[in-house]
Amino acid sequence: MNATELCPCASGRNYGACCGPVLSGAVKAETAEALMRARYSAYATHNVDFLYESAGPETRAEFDRKTCMEWSESAEWHGLEVTRTEAGGKDDEEGVVEFTAKYAVNGKECVHRERAKFARIDGEWRFIDGDIEGQTPIRRETPKIGRNDPCPCGSGRKYKKCCGRNDA
């Protein structure tokens with residue numbers, strides 16, 4: 001990516017004055033937010049080595065380089081919006097960054113919302129873990145009725161021959 005292009009993290013600054021120096025290793029991220037922005041830009045520029053290097057030990061242990069690269073390359077990256085931060089400043093040891101990442105896969109617009117946790121390890125900010133925000137999945141309160149189970153209406157017939165019929 002050219003240093004004069006707008007940074008993928010949507011900060012409004014040029015890549016060379018924003019995430020570029022962090023991704024190249026010329027400077028270290030000074031805040032948890034700066035690391036979050038650089039990690040988003042790493043996805044957008046397919047720099048999976050940076051994603052690995054900027055992760056904490058437990059996250060590194062689960063890191064799958066091939067899958068990460070495939071996902072990074074399959075998406076069109078449309079920007080990052082940092083919605084909230086907790087601590088994570090120059091003098092902090094831990095921080096939280098809540099963000100919304102926008103991208104598209106196969107032409108379908110996607111939005112990823114996360115509450116990411118960061119910690120300073122050996123003097124450098126590292127991504128520790130994240131909680132993805134979204135809708136709670138629908139959970140069935142009762143067991144699923146099988147086609148050959150007794151119909152719950154009490155008729156004594158199999159569900160498929162009673163209330164489960166397609167023409168009912």
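Computation of the quantities below employed the complete heavy-atom set of this structure, encompassing side-chain atoms and omitting hydrogens, waters and symmetry-equivalent molecules.
Of all heavy-atom pairs between G130 and E114, the closest is CA-OE2, 3.3 Å. Closest approach of A75 and V105 over heavy atoms only: CB-CG2, 4.1 Å. Nearest heavy-atom pair, A38 versus V22, reported as atom, atom and distance to 0.1 Å: CB-CG1, 3.7 Å. The minimum heavy-atom distance between V48 and C68, with the atom names listed, is CG1-SG, 3.6 Å.
Classification of K28 and E30 as a salt-bridged pair fails, no side-chain N sitting under 4.0 Å from a carboxylate O.
Here D92 pairs with A87, W125 under the side-chain contact (heavy atoms from CB on, under 4.5 Å) rule; sequence neighbours left out.
Note: C110 SG to H78 NE2 = 8.5 Å, rounded to the nearest 0.5 Å. Of the inter-residue distances, the one linking E86 atom CD with K117 atom NZ reads 10.5 Å to the nearest 0.5 angstrom. Between the NE2 atom of H46 and the OG atom of S41 there is a distance of 12.0 Å, given to the nearest 0.5 Å. Once rounded to the nearest 0.5 Å, the distance linking SG of C163 with NZ of K158 reads 15.5 Å.
In this pair, F99 and H112 present their aromatic rings tilted. The plane angle is within the 30 to 60° band. Note on ring orientation: taking the six-membered ring where Trp is involved, the planes of Y103 and W77 are tilted (angle from 30° to 60°).
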Show me the donor-acceptor pairs within less than 3.5 Å that the side chains of residues 54-63 make with the rest of the protein, sequence neighbours left out.
residue	atom	partner	partner atom	Å
S54	OG	R39	NH1	2.7
S54	OG	F50	O	2.8
S54	OG	L51	O	3.4
T59	OG1	I128	O	2.6
R60	NE	Y52	O	3.0
R60	NE	A55	O	3.2
R60	NH2	E53	O	2.6

Under 3.5 Å donor-acceptor pairs involving side-chain atoms of residues 4-11, not counting sequence neighbours:
residue	atom	partner	partner atom	Å
T4	OG1	N2	OD1	2.8
E5	OE2	N2	N	2.8
S11	OG	R13	N	3.2

* To do: Give the intermediate values and the outcome of side chain to side chain contact (heavy atoms under 4.5 Å, CB included) for residues V97 and R37.
  => CA-CA 10 Å; V97 178; R37 289 185 175 283; over 6 Å; no
* To do: Dump the intermediate steps for salt bridge (charged side-chain N to carboxylate O under 4.0 Å, His left out) on R113 and E133, then the final yes or no.
  => CA-CA 5 Å; R113 290 181 181 85; E133 298 176 8; 5.8 Å; no
* To do: Could you give me the CA-CA distance, side-chain angles and deciding distance for E98 and V82, then say whether side chain to side chain contact (heavy atoms under 4.5 Å, CB included) is met?
  => CA-CA 6 Å; E98 293 180 15; V82 173; over 6 Å; no
* To do: Walk me through it: do R120 and R126 pass the test side chain to side chain contact (heavy atoms under 4.5 Å, CB included)?
  => CA-CA 6 Å; R120 207 182 283 272; R126 297 279 188 247; over 6 Å; no
* **side chain to side chain contact (heavy atoms under 4.5 Å, CB included) assessment of R115 paired with V96** => CA-CA 7 Å; R115 179 179 163 84; V96 173; 3.6 Å; yes
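Judged by distance alone, with hydrogens and angles left aside, the side-chain atoms of D64 form a donor-acceptor pair with the main-chain N or O of T67 at under 3.5 Å. A donor-acceptor contact shorter than 3.5 Å is absent between the side chain of Y40 and the backbone of A101.
Cluster membership check: V111 does not share its hydrophobic cluster with Y43, using side-chain heavy-atom separations under 4.5 Å among Ile, Leu, Val, Met, Phe, Trp and Tyr. The hydrophobic cluster containing M1 also contains V27, counting ILVMFWY residues as joined when their side-chain heavy atoms lie under 4.5 angstrom apart, directly or transitively.
Within a 6.0 Å radius of CG in D91, other residues, nucleotides and ligands contribute 12 heavy atoms or fewer.
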